[in-house]
Protein chains: 2
Amino acid sequence: MSTVTIKDIARALNISTSTVSRALRGSYEINQETKELVLEYAERLNYRPNPIALSLKENRSRAIGVIVPQIANYFFSQAINGIEAIAYNRGYHVIIFQSQESYEREAANMQQAMDRKVDGLLISLSSETSDVSHLRALQEQGLPIVQFDRVSHELDTTRIVADNFGGAFAATEHLIKAGRQRIAHLTIPPWLSITKERLAGYRAALEQYGLPYDEALVRYGSFGQDETGPMVDELLALPTPPDAFFTASDRLALGCLASLHQRHIAIPDDVSLIGFTNLNAADLLNPALSTVVQPAQEIGQVAVERLIELIEKKQKAAPPSTVKIPTRLIVRESTRSVVHS
Amino acid sequence: MSTVTIKDIARALNISTSTVSRALRGSYEINQETKELVLEYAERLNYRPNPIALSLKENRSRAIGVIVPQIANYFFSQAINGIEAIAYNRGYHVIIFQSQESYEREAANMQQAMDRKVDGLLISLSSETSDVSHLRALQEQGLPIVQFDRVSHELDTTRIVADNFGGAFAATEHLIKAGRQRIAHLTIPPWLSITKERLAGYRAALEQYGLPYDEALVRYGSFGQDETGPMVDELLALPTPPDAFFTASDRLALGCLASLHQRHIAIPDDVSLIGFTNLNAADLLNPALSTVVQPAQEIGQVAVERLIELIEKKQKAAPPSTVKIPTRLIVRESTRSVVHS
DNA sequence: TTTATTACCGCAAACGTTGCCGGGAACGAT
DNA sequence: ATCGTTCCCGGCAACGTTTGCGGTAATAAA
């Protein structure tokens with residue numbers, strides 16, 4: 001009802017809509033007096049330009065779409081905070097989509113985003129996504145895209161990721177230095193970029209310290225229900241069971257911790273545990289959990305900065321590149337070194 | 001570029017846009033053959049109606065706005081999941097706004113939501129918000145609004161909340177039955193509805209069991225940085241310090257736990273601790289944390305259902321009412337009863 | 001054969017905004 | 001007196017879609 005339009009102002013002031021429009025954006029070809037008249041009246045009626053009309057006309061929305069697997073995840077919600085902070089400063093609105101780790105929903109989200117005419121897209125792939133042709137299609141249509149965290153290398157975009165290799169290397173090295181020899185790696189679907197990088201870091205550390213790489217110690221989970229129980233059981237049933245667990249996600253770390261508790265395995269006495277997580281309560285767990293933390297907020301910030309750069313200098317923006325943000329190793333009780341008697 | 005419009009179809013098929021429009025929505029006054037022709041062609045070109053044009057024309061968006069203090073919070077992100085699940089089924093898009101616990105940002109969010117012509121608003125108030133006149137203004141302009149979780153009783157809308165009184169009563173009662181006598185209550189800003197209700201539940205339980213209510217045992221925090229340290233110190237310095245802590249939020253529970261750890265206070269031996277939280281790792285904390293859990297997802301679902309009802313049956317919808325969703329008490333190690341020698 | 005009915009379809013306006021084009025008034029220069 | 005400028009403003013189209021109204025042709029009823 002009460003939304004006041006440019007027409008209302010024009011009618012009330014007995015001038016044309018074009019004049020009002022120009023006055024509002026301070027065009028030089030409008031009389032100073034008229035401008036002030038319009039500005040004042042618009043202010044008084046609390047006029048707000050209709051962004052929908054604008055979008056329709058200009059075929060853009062001053063909004064960027066963010067597609068993440070889920071927001072009920074500390075990493076992603078932190079990343080979104082980083083994104084929003086920057087985006088709002090630069091005059092962009094942020095529209096959040098959750099793929100819920102489903103390829104189908106992800107594709108639908110992208111369609112939605114396109115329908116809503118987002119000016120650019122920030123995406124972290126769902127765990128189901130291995131085919132990125134739909135993304136490539138959008139990109140070829142000229143939509144600026146930046147990938148972050150879970151990225152695909154089959155898509156030539158700017159990518160912002162944590163230093164997964166370095167983080168995994170540091171975690172593994174830390175375990176080795178604490179005297180562990182059989183380090184299990186519980187990780188996420190193998191086709192994800194972050195999985196490969198973390199696995200590579202893990203292997204590199206083993207190699208550097210002369211430990212063998214044993215495929216039997218590496219287990220891949222999904223993001224679905226808790227599957228850590230069986231995984232832990234299998235690992236413990238090995239001829240020479242692991243003396244340390246290095247997990248690649250929040251959920252796996254918590255699941256692993258719970259499973260070990262249930263089986264009355266003492267941490268860090270029997271086995272050591274370290275996660276690649278963004279849990280904000282890691283130091284309050286039982287035992288306090290050593291982790292490799294990723295600077296989620298910073299990743300979001302850098303990603304959106306690059307995206308906006310892409311949107312605004314469309315033609316001559318910096319070429320796609322991959323930015324690695326350093327991770328940080330935090331050592332806590334769960335990886336305390338134990339004197340073997 | 002490639003977005004295909006109704007005009008393109010019309011031109012290609014040599015018919016008018018009106019015919020295409022009507023064919024697409026299956027109007028009875030279009031020849032069956034023509035319909036099929038249009039449908040098939042539209043399908044082939046992957047035609048998608050432009051929601052922006054629709055919004056402009058119909059002055060609505062088939063979107064509902066959700067304003068929450070922050071999404072980096074398990075309760076709210078779960079609630080949003082509940083909201084989205086229902087909303088999408090009913091053909092509504094969800095736009096998420098974060099007030100970041102700031103009154104100003106909340107107001108800006110509301111303005112944004114209005115500008116974007118949301119069909120309805122779901123809101124959980126920021127902790128800074130005590131004046132709701134801006135919300136009332138929107139409501140009086142005919143915007144359907146449903147409040148959830150942190151609600152104001154100065155605004156006559158449907159409200160969906162957890163049974164805060166019951167939950168707090170149960171938690172307090174549980175502590176008392178476990179032998180605690182001096183129960184401190186660390187809570188959030190006093191003007192929030194949930195604060196009052198929880199405090200009331202706490203008092204009611206004390207009263208029922210004949211324990212005195214001591215104001216010195218009740219401390220109010222904000223949602224800002226961790227202030228639990230000083231609060232805990234003050235409480236412990238009391239002539240007769242508390243033997244139990246009942247906290248009203250995730251953050252307070254964790255902060256309290258950390259503070260107690262730092263001060264080498266044993267839980268539950270020295271003091272007992274129970275939270276009103278939605279932490280998904282509560283059972284993995286040290287010690288496992290007893291909590292009153294709120295069914296966040298269900299709250300979101302019920303809220304959005306009511307909102308959609310309001311949107312669609314605008315005139316004769318059910319009158320505003322307050323719906324209480326039951327909470328659940330989960331007893332864990334942190335409130336184990338200790339035999340006093 | 002005329003009239004009424006039916007089945008189909010196109011025109012144009014509208015939603016709010018911007019930008020191109022054009023045009024009138026006032027003024028200075030020739 | 002004519003021309004060129006400058007300053008200010010309005011008309012109109014367009015973005016994609018829906019919808020009321022009108023219109024044509026064919027068919028059925030009289």
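Please read these numbers as outputs of a predicted model, since none were measured by experiment. A note on names: the letters A, B, ... follow the listed sequences, proteins ahead of strands, and every chain is numbered from 1.
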* Give a yes or no on whether a donor-acceptor pair under 3.5 Å exists between the nucleobase atoms of D:dC8, that is its base, and the side chain of A:T19. => no
* Any donor-acceptor pair under 3.5 Å joining the side chain of A:R25 to the base of C:dG19? -> no
* Structure fact -> note: B:Y28, atom OH; C:dC8, atom P; distance rounded to Å ~ 11 Å
* Asked: Does B:S77 have any side-chain hydrogen bond (donor to acceptor under 3.5 Å, both in side chains) partners at least two apart in sequence or in another chain, and if so, which?
  -> none
* Please state how far atom CZ in A:R60 lies from atom P in C:dT18, giving the value in whole angstrom units. => 12 Å
* Out of D:dG11, D:dT19, D:dT17, whichever nucleotide has its closest atom nearest the side chain of A:S16 -> D:dG11
* Structure fact -> note: A:N50, atom CG; C:dT18, atom P; distance rounded to Å ~ 10 Å
* Asked: Nearest to the side chain of B:N31 - D:dG16, C:dC8, D:dT18?
  -> C:dC8
* Asked: Could you give the NZ-to-P distance, from A:K7 to C:dT17, as a whole number of Å?
  -> 9 Å
* Asked: Does a distance-only test, which skips hydrogens and angles, find a donor-acceptor pair under 3.5 Å between the side chain of B:E29 and the base of C:dC9?
  -> yes
* Check if the side chain of B:R22 and the base of D:dG20 share a donor-acceptor pair of N or O atoms closer than 3.5 Å. => yes
* Can A:E305 and A:R90 be counted as an ion pair, charged N to O under 4.0 angstrom? -> no
